[in-house]
Amino acid sequence: MTLHLTSLLLSAILLGGVQCERICSFNDVLQNASLGSIPGAGLRPVKDWRTISHIYIDITLYTIANLDTATQTLTSFVWLTLEWTNEYISWNPNNFCDIKEFNTLGESLWKPDLYIYQITEVDDKSPVIPYYTVHYDGKVTLSKPLRILSSCDVNIYKFPFDTQTCSLTFGSYIYTVKDILMHPKLNSSEVDENSFFAFVGKGDWNLINVDVSEFELTDGDVYNKVAYMITIKRAPVVYVINIIIPACFMVLLDIASMFIPVGSGERLGFKITVVLGFSVLLLILNGMVPSSDSPPILGIFCVVCLSVMVFSIIGSILTNYMMTLSDTQPNVPNWVKTWILKRLSRVLLFNWHKDEKDLVVSIDTDPNVGNTNNRPDMELQKKTEESDKEIKVNLEVRLLKRLLDVVLKIHKDLNLSKNEQDAKSEWYLAALVVDRLMLILYLIIIIIIFSILIIVWAT
């Protein structure tokens, strides 16, 4: 009898151990939750159809892979989390060794029809994570990474100091607010903090902030949406080093070339060399600037600088031409004397060392002066005849008269030489006035475009 009771006790202990092992397995929890036998698993998991399902969504921005301005497409990687309640799932953790959750493929679980409204292409490169986390109170959690190709309105006017804001709007494509309400799981500050902690930049873009909002969209029916506004800023260091600084140096060199003496061939050659170098810089800029319908302010700045450089080359050619006219056209036209040497020079604050009356010189010569072959001989013959009649002229008087004729000729030549030098001096002064006008206009245009560029980038 005692042996029989002992055997029954051992059997009970063994059966109890088996029962305990069975209850502590995930398979028993899975069977108790009846995931494989939920009636109408494709339907919304509510026991009363009037009950609204609340879906909680959260994303963490991991990185920005690419922002294509030509196609207005953003490629981003995010970590997505969805939570909802399945009213047909529940168990008591005390009956299953405190098992409160388990992971399953969830092929028979209902899933919300999550749709991204800015999506432009279905991506098949996202990692496949088919598992769901099921909790004892019926809460189901889906966590997986996503590679999203979405549309983004890109404005590169402030390139390379531009800031872009792209939105990712999540919502149900089928269910209205009568069936599903979507809510952000975390507020903006928490999403911002998580994204900053997880964000890995590729060098092109820096994360500024992530704002989350919940709103309703009315399109016949009312749909509930959750939008994440992602604000990113371009990293400008590469563009500053490769484009902006070289462009500024070339502009400064072209301004410095304006101080090379007027009429010097070195100035024109130096300016053409600078323009060729700036053209090469524009080719580099064309390869680095994103393509867009509206040009960036940096492109406008480079085009204006190139135009001003060409304008200054034309001014240098004009001053060289004016210096050439001093040899081929000794007399300065009256309009040059009036508009350039008098009025424009006064506006440009030129301080002439000579009187303005000396700038207008008329060259008048007496046709009878210097005719030493006919007139002096005739007068000398006449005087000789008269002197033969009256007195006899000494040889010294005749020599003095010839000496006087030579002095008059030398005086005439000196006057002509002085007039030619004054004419050349007037052409040179006119070239100086035109050159200063070009320099002032150059500086005004460059200062204006630099100011506009700095104001646009600073705002």
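Side-chain contact check for K185 and T81: no donor-acceptor pair (N or O, by modelled atom type) lies under 3.5 Å.
Once rounded to the nearest 0.5 Å, the distance linking CG of N224 with CG of D179 reads 12.0 Å. Rounded to the nearest 0.5 Å, atoms SG (C152) and CG (L168) are 9.0 Å apart. The structure places CG of D192 at 11.5 Å from CG of L186, a figure rounded to the nearest 0.5 Å. The structure places CZ of F311 at 4.0 Å from CE of M438, a figure rounded to the nearest 0.5 Å. The CD1 atom of I454 lies 11.5 Å from the CD1 atom of I297; values are rounded to the nearest 0.5 Å. With rounding to the nearest 0.5 Å, the separation of CG in D211 from OG in S188 is 5.0 Å.
Without hydrogens or angle criteria, S257 side chain to D254 main chain gives a donor-acceptor distance under 3.5 Å. In this structure, the side chain of T120 engages the main chain of L149 through a donor-acceptor pair within 3.5 Å. W84 places no side-chain N or O within 3.5 Å of a backbone atom of V140 that could act as its donor or acceptor partner. Put simply, the side chain of K178 never gets that close to the backbone of V222: no donor and acceptor are under 3.5 Å apart. Formation of a donor-acceptor pair under 3.5 Å by the K233 side chain with backbone atoms of T231 is not found in this model. Judged by distance alone, the side chain of Q72 and the main-chain N or O of V154 form a donor-acceptor pair under 3.5 Å.
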Side-chain donor-acceptor pairs under 3.5 Å in residues 53-66, sequence neighbours left out?
unit_1, atom_1, unit_2, atom_2, d
S53, OG, R44, NH1, 3.0
H54, ND1, H183, NE2, 2.9
T63, OG1, V200, O, 2.6

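Contact annotation: the side chain of W457 approaches that of I244 to within less than 4.5 Å [non-hydrogen atoms, C-beta and beyond]. Side chains of Y175 and P112 form no contact here, defined as non-hydrogen atoms less than 4.5 Å apart. Taking 4.5 Å as the limit, every side-chain heavy atom of S143 sits out of range of all side-chain heavy atoms of I129.
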Point to revise | CA sep, side-chain torsions, deciding dist, call: F301, L298, side-chain contact (heavy atoms from CB on, under 4.5 Å) | key: CA-CA 5 Å; F301 166 76; L298 180 60; 4.3 Å; yes
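Across E101, E83, K100, a single residue satisfies side-chain hydrogen bond (donor to acceptor under 3.5 Å, both in side chains) together with H135, and that is E101.
Legend: residues meeting side-chain hydrogen bond (donor to acceptor under 3.5 Å, both in side chains) with D68, ordered by chain and number and at least two apart, are T71.
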